[in-house]
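Reading through the structure tokens given below for one structure.
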Amino acid sequence: MTSHSPGTRSPHALIQTVIISYGDGHHDAPRGDALRVDARPLRNPPQDPAVRKRMLHSTGLDPEVAAYVLASPGAERLVERSTGRALALLAQPSGGRRVDVHVVCGGGRHRSVAIAEEVAVRVRAAGYGVETEHPHLARPILPAVTWKPQLTEHELTALRLLAHGRHHVEIAQLLKVRPQTAGRLLHRAQLHLHARTLHEAVAQGCALGLIPPAPPETPSRQPPLPPS
């Protein structure tokens, strides 16, 4: 498959992997068997007021945009896992079968492009021929769709209490659970938010509007958790 869309690169004569970025908001996802990579949980430049003005009309091919996306919590883990899966398939004795990778974000201009290009760099470094295609670069910019992580009520309450200065023992007392359970709730909230630290999880929660500016009320009406 050869594409003349912006961003296409085919430095090897033998193409063994085609990596395609796209935006699910355009409703024309690439077809065929492929590894699916979801970049939608990563930070989106158009949704960040600090960088929106200068990055909105750029793409993931721009070094500054790529650096921003790749610095997102969970980005390195996503790239490593996706590269590893692609290399594992390429290493199989498949008689020259091509391995495709489809990377999705909201509009197909920033996150998916940056992740696709980074995976391509790493697969090329392993000695395989790679082509990247970015068919949605020239599409109209879509309205931003805010990503909402799926935290449980107790995980969200624990994170809110942490954000407003409560320590683990206090959180456990307010939620009427053991300190170890409070720690697990915070850890799960951190995982849902793709954050490297609890501090980063709090920052993500604030940015997504999950944590209100005022301290939450004592959760006296929270349903009890099962014993842990």
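No donor-acceptor pair closer than 3.5 Å links the side chain of Arg166 to the backbone N or O of Leu161. When atom types are taken as modelled, the side chain of Glu131 and the backbone of Val18 share no donor-acceptor pair closer than 3.5 angstrom. Under the 3.5 Å distance criterion, the side-chain polar atoms of Ser72 are matched with a main-chain donor or acceptor of Val69. Checked by atom type and distance alone, the side chain of Arg109 never pairs as donor or acceptor with a backbone atom of Thr59 at under 3.5 Å. Side chain of His164 to main chain of Pro212: a donor-acceptor pair is present (N/O by atom type, distance under 3.5 Å, no hydrogens or angles). At distances below 3.5 Å, not a single donor-acceptor pair connects side-chain atoms of Glu118 with backbone N or O atoms of Ile115. Put simply, the side chain of His110 gets close to the backbone of Met55: a donor and an acceptor are under 3.5 Å apart.
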| said: As a quick check of understanding, evaluate side-chain contact (heavy atoms from CB on, under 4.5 Å) for Gln180 and His168, giving each step before the final call. | reply: CA-CA 9 Å; Gln180 297 93 327; His168 285 61; over 6 Å; no

| said: Could you go through Ile19 and Asp100, starting from their C-alpha distance and side-chain angles, then the distance that decides it, and tell me whether this counts as side-chain contact (heavy atoms from CB on, under 4.5 Å)? | reply: CA-CA 6 Å; Ile19 304 177; Asp100 287 351; over 6 Å; no

| said: Does Leu210 form a side-chain contact (heavy atoms from CB on, under 4.5 Å) with Leu159? I'd like the steps, not just the answer. | reply: CA-CA 9 Å; Leu210 300 174; Leu159 189 66; 5.9 Å; no

| Under the side-chain contact (heavy atoms from CB on, under 4.5 Å) criterion, do Leu87 and Val99 qualify, and how do the steps go? | CA-CA 9 Å; Leu87 291 177; Val99 174; over 6 Å; no

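Checked by atom type, the side-chain pair His134/Glu117 shows a donor-acceptor distance below 3.5 Å. Asp28 and His136 are linked by a side-chain donor-acceptor pair at a separation below 3.5 angstrom, with hydrogens and angles left out of the test.
Looking at Val65 and Val51, their side chains never come closer than 4.5 Å, going by heavy atoms from C-beta outward. Annotation: side chain of Val119 is not in contact with side chain of Val103 (no heavy-atom distance under 4.5 Å). Put simply, the side chain of His187 reaches to within 4.5 Å of the side chain of Leu191, judged on heavy atoms. Under the 4.5 Å side-chain criterion, counting only non-hydrogen atoms from C-beta, His154 is not in contact with Thr157. No side-chain heavy atom of Arg111 sits less than 4.5 Å from a side-chain heavy atom of Arg43.
Salt bridge Asp38/Arg36: absent, no basic N to carboxylate O contact under 4.0 Å. A salt bridge between Arg160 and Glu153 is absent, with no side-chain N of the basic residue lying under 4.0 Å from a carboxylate O of the acidic one.
Contact record, Pro135 with Ile20: CD-CG2, 3.9 Å, taken as the closest heavy-atom pair.
Applying the ring pair (Phe, Tyr, Trp, His ring centres under 6.0 Å) test to His199 and every residue at least two apart in sequence or in another chain returns nothing.
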